[in-house]
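All remarks here apply to the structure that follows.
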Amino acid sequence: MSFEKFVSEANEAVKFALKQLSIKNDSFSLTEPTRDEFGDLSCNVSFLLSKELQKSPYEIASMLVEKIHQFRNSGGSDSQSYILSAVAHESGYINFKANLTIIGKEVISYILKNDRPKLDIGKRKRVIIEHTSVNPNKALHVGHLRNVVIGDTMYRILKETNYDVTVLNYVDDSGLQVADVLVGFLFLKLPVTPPNKNMKFDTYCGNEVYAKVNELYEKDASLIERRKSLLKKLEEGDPEISKFASEITSKVLKDQLRTCWRMKARYDLLNFESHIIRSKLWEKTFERMRRENIIIKETEGENAGCWVFGSDLEGTKIIVRSNGTATYIAKDIPYALLKVGTLQDQFKYRVFLTQWDNSTLWASSTVDLNDTNHPNFFPAEDSITVIDNRQTRLQKIIQEILDKFESNSNRYLHLSYGPVLLSSRTAMALGIRPDDQKSVQMSGRKGIFVDADFVLDTLYGKAKEETVKRNPEITGEDLERTSEEIAISAMRYSLIKNDLDKELKFDMIDSLSLDGNSGPYLQYAYARCCRLIEKSNIGSFSEDTSQLSDPIEYRLIKHLSKYALVIQDTINNMEPKLIALYAYDLATMFNLFYEKLPILKEKDAKISQARISLVETIRKILKIYISFVGITPLERM
RNA sequence: GGGCCCAUAGUUCAGUUUGGAUAGAAUGGCUGCCUGCGGAGCAGUUGGUCGAGGGUUCAAAUCCCUCUGGGCCCGCCA
């Protein structure tokens with residue numbers, strides 16, 4: 001929107017000035033200065049030319065600024081300039097000031113007019129995003145939640161900017177981890193219903209069954225053999241075992257989904273690994289890879305008898321073992337090919353459940369229910385897979401293999417993120433003694449993890465306490481709903497505000513904070529906006545920004561004018577934290593504004609109306625941004 | 001052994017892609033501000049040789065090299 005216009009006009013102005021002086025340079029940059037007094041945009045071109053022209057940066061800046069003034073005058077009188085002034089600073093910078101009157105008017109009137117300002121960035125482009133994909137043998141821990149929140153936040157942003165998005169959740173219902181819990185039920189005869197009736201089934205499977213089985217593996221090696229044979233039966237589709245496994249995994253899956261839904265995530269389709277196995281998609285893929293010489297059979301050496309892929313990055317990678325079974329990576333290939341459309345979708349689908357937002361969750365199916373009303377899930381132009389960065393190598397090889405088929409690798413994106421670690425303090429609370437002050441890796445197998453629902457429940461309790469303290473009149477369902485929304489907001493925000501690349505240290509005590517740079521802080525700012533609008537009883541909002549002259553208002557308008565830029569940046573770089581940062585900055589500026597300047601109490605009616613209108617603009621943008629992050633805007637809290 | 005990532009205030013992190021002016025938040029500690037538009041807030045104060053050394057540059061937290069410390073990946077496991 002408007003801020004971009006200001007930037008591009010400044011860019012044109014500098015180019016014009018350079019041309020007037022017959023100087024060639026296209027490597028200059030325009031950046032926002034570190035301090036307000038330097039204006040809104042600075043150009044470094046003088047530094048770059050200093051040596052070549054044998055002049056000081058300040059001299060050059062002065063020359064250029066003179067020409068920039070000519071540029072502004074040549075613009076014609078009917079078109080107003082977004083540049084208010086350009087000055088040569090003694091340091092050598094050329095500092096531009098934006099014409100905030102025009103920019104503010106444009107931005108505020110646009111936002112006020114449009115109930116939900118829509119940005120058509122996607123143009124209905126088909127995108128598949130896969131996230132969550134937790135093995136169906138345990139309850140989600142906070143590490144899984146990072147995946148859910150990253151995936152769901154990107155989904156929300158893409159959806160709102162007019163991409164045609166499909167969300168997938170891949171369910172590995174026939175892997176080793178499922179075999180582990182089956183060992184517990186079938187051989188150790190652990191009860192199939194949790195002895196503790198209050199315990200969720202997914203928690204029971206993970207904490208009791210899975211943990212117990214893993215403990216016994218170390219004592220009883222024969223159990224490992226039994227697991228192996230179970231796994232084989234699972235993969236071959238043995239009717240009895242498959243049926244039992246399916247009962248267990250779908251019970252776990254439904255409990256896991258309850259946690260995901262609690263976090264406000266939603267999905268379009270569940271893909272079960274067992275269905276992919278039975279579809280013979282792998283055999284078709286294998287056949288094609290052999291035919292097209294993407295993989296070759298080794299005849300001698302240590303890999304004799306194996307089908308291998310010659311990776312540019314990794315060297316020889318075994319795809320099919322000498323006994324004819326597929327390796328872990330091999331199983332991901334057909335799914336990836338399906339996403340980008342190299343393989344045709346031949347699956348059957350059924351309705352699995354209706355979700356919290358009333359959308360339908362579909363599932364792949366082995367039986368044809370003649371349910372032809374399902375949407376088209378595959379293929380997509382772009383496919384995004386949210387997996388933690390320990391899988392980076394494997395994902396790169398899959399991209400390489402896709403490339404061999406039809407140069408698809410740029411359409412297959414691995415959205416990678418760092419794992420969640422437990423802070424030493426939280427680890428100690430769980431009875432683990434970390435060396436030094438180091439963080440601790442979570443491990444489901446070793447029982448070192450923090451259960452997602454436990455954290456949410458604790459946050460909920462804290463939020464409820466605070467809500468009651470502040471609003472004694474809120475009771476019953478209202479109180480519960482509000483407390484839950486605050487808890488979710490705290491959790492989602494803390495999982496998205498940091499850089500994806502970096503490991504995230506989870507600390508139970510810190511994460512319980514509802515103050516400072518947190519989700520509830522954003523909700524609070526939003527609620528304040530709502531109350532102001534409500535109390536103002538304003539008839540109509542004003543687009544006249546000439547009444548807004550305070551530096552605080554200036555900064556707010558400038559920030560608002562960048563709202564579209566940030567969304568574009570987020571998508572271009574797949575950096576959801578930019579959304580969180582922008583919203584936090586906006587909330588901070590608003591709180592300062594609220595503290596320092598009278599809004600409803602302002603005596604001058606025109607100024608008051610302009611300020612209320614500014615609040616309404618802030619409210620709308622805050623609502624859009626916090627919704628991107630999956631935080632529910634609350635009118636009271 | 002090979003590859004990738006990371007190191008900024010007591011703590012948790014922005015800032016590094018695209019070098020630029022006095023390195024910013026949050027939290028903790030200390031101190032102010034509610035008869036006032038909601039104090040889940042605002043302000044002040046405390047706290048930093050940007051891991052170390054070298055190089056490039058008019059200019060380095062940011063780019064290059066070396067080193068140190070930490071993490072992850074590298075199986076006919078999944």
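A note on names: the letters A, B, ... follow the listed sequences, proteins ahead of strands, and every chain is numbered from 1. Model, not experiment: these values are computed from the prediction.
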Whether the side chain of A:E503 and the base of B:G71 hold a donor-acceptor pair under 3.5 Å is what I'd like checked. no
Side-chain N or O of A:K317 versus OP1/OP2 of B:C74: is the shortest distance under 4.0 Å? no
Between the base of B:C73 and the side chain of A:R393, is there a donor-acceptor distance below 3.5 Å? yes
Test your reading of the model: is there a side-chain donor-acceptor pair from A:S50 to the backbone of A:S46, 3.5 Å cut-off? no
Separation between OG (A:S613) and CD1 (A:I533), nearest 0.5 Å, reads 7.5 Å
Gap between atoms CD and C1', on A:E90 and B:C58 respectively (whole Å): 16 Å
How long is the line joining CG of A:L422 and P of B:U12, in whole Å? 14 Å
Scan A:L597 against the nucleic acid and name what it touches under 4.0 Å (heavy atoms): base, sugar-phosphate only, or nothing. base
Donor-acceptor pair (no angle test) under 3.5 Å: A:T588 side chain, B:A25 base: no
B:A26 OP1/OP2 closer than 4.0 Å to side-chain N/O of A:K497: no
When only distance counts, do a donor and an acceptor, one from the side chain of A:N44 and one from the base of B:A21, lie under 3.5 Å apart? no
As a test of the definition: with a 90° window around 0 for syn, would you call B:C34 syn or anti? syn
RNA chain B: stems of at least 3 consecutive Watson-Crick or G-U pairs, cut-off 3.5 Å? B:1-7 with B:68-74, B:10-13 with B:24-27, B:28-33 with B:41-46, B:51-55 with B:63-67
Provide, to the nearest angstrom, the distance between the CZ atom belonging to A:F28 and the C1' atom belonging to B:U18. 13 Å
Would A:K562 and A:F3 count as a cation-pi pair here, with the cationic atom under 6.0 angstrom from the ring centre and within 45° of the axis? yes
Are any non-hydrogen side-chain atoms of A:E575 and A:D569 less than 4.5 angstrom apart? no
What is the distance, to the nearest angstrom, from the CG atom on A:L48 to the P atom on B:C58? 12 Å
Check: A:T392 side chain, B:C73 base, donor-acceptor under 3.5 Å: no
For B:C5 and A:K502 - does any side-chain N or O of the residue sit under 4.0 Å from the phosphate oxygens OP1/OP2? no
Between B:A26, B:G71, B:A78, which nucleotide gets closest to the side-chain atoms of A:K438? B:G71
Just to confirm, is there a sub-4.0 Å distance from OP1 or OP2 of B:A14 to any side-chain nitrogen or oxygen of A:Y582? no
N or O in side chain of A:K535 less than 4.0 angstrom from B:C37 OP1/OP2: no
Can you tell whether the side chains of A:R492 and A:E485 come within less than 4.0 Å, N to carboxylate O? no
Per A:I318 side chain, nearest of listed nucleotides B:G36, B:C76, B:U57: B:C76
Report which part of the nucleic acid A:Q441 touches: base, sugar-phosphate, or nothing (heavy-atom distance under 4.0 Å, all strands). sugar-phosphate
Any side-chain N or O of A:Q395 below 4.0 angstrom from OP1/OP2 of B:C73? no
At less than 4.0 Å, is any side-chain N or O atom of A:R321 found next to OP1 or OP2 of B:G75? Yes or no. no
Please work out if A:P598 contacts a base, only the sugar-phosphate, or nothing of the nucleic acid, heavy-atom cut-off 4.0 Å. base
Would A:R619 pass as a cation-pi partner of A:Y526, given that its NZ or CZ must be under 6.0 Å from the six-membered ring centre and within 45 degrees of the axis? no
Rounded distance (Å) that lies between atom C1' of B:G41 and atom CG of A:L514: 14 Å
Excluding sequence neighbours, so at least two apart, what forms ring pair (Phe, Tyr, Trp, His ring centres under 6.0 Å) with A:Y521? A:Y584
Between A:H559 and A:Y582, does the ring centre distance come in under 6.0 Å? yes
Between A:K505 and B:G70, is there a side-chain N or O to OP1/OP2 distance below 4.0 Å? no
d(NZ, A:K469; P, B:G41) in whole Å: 12 Å
At less than 4.0 Å, is any side-chain N or O atom of A:R425 found next to OP1 or OP2 of B:U12? Yes or no. no
Examine A:R290 relative to A:F286 and say whether NZ or CZ is less than 6.0 Å from the centre of the six-membered ring and inside a 45° cone about the ring axis. yes
Under the criterion of centre distance below 5.5 Å and interplanar angle below 30°, is A:F47 classified as stacked on the base of B:A59? no
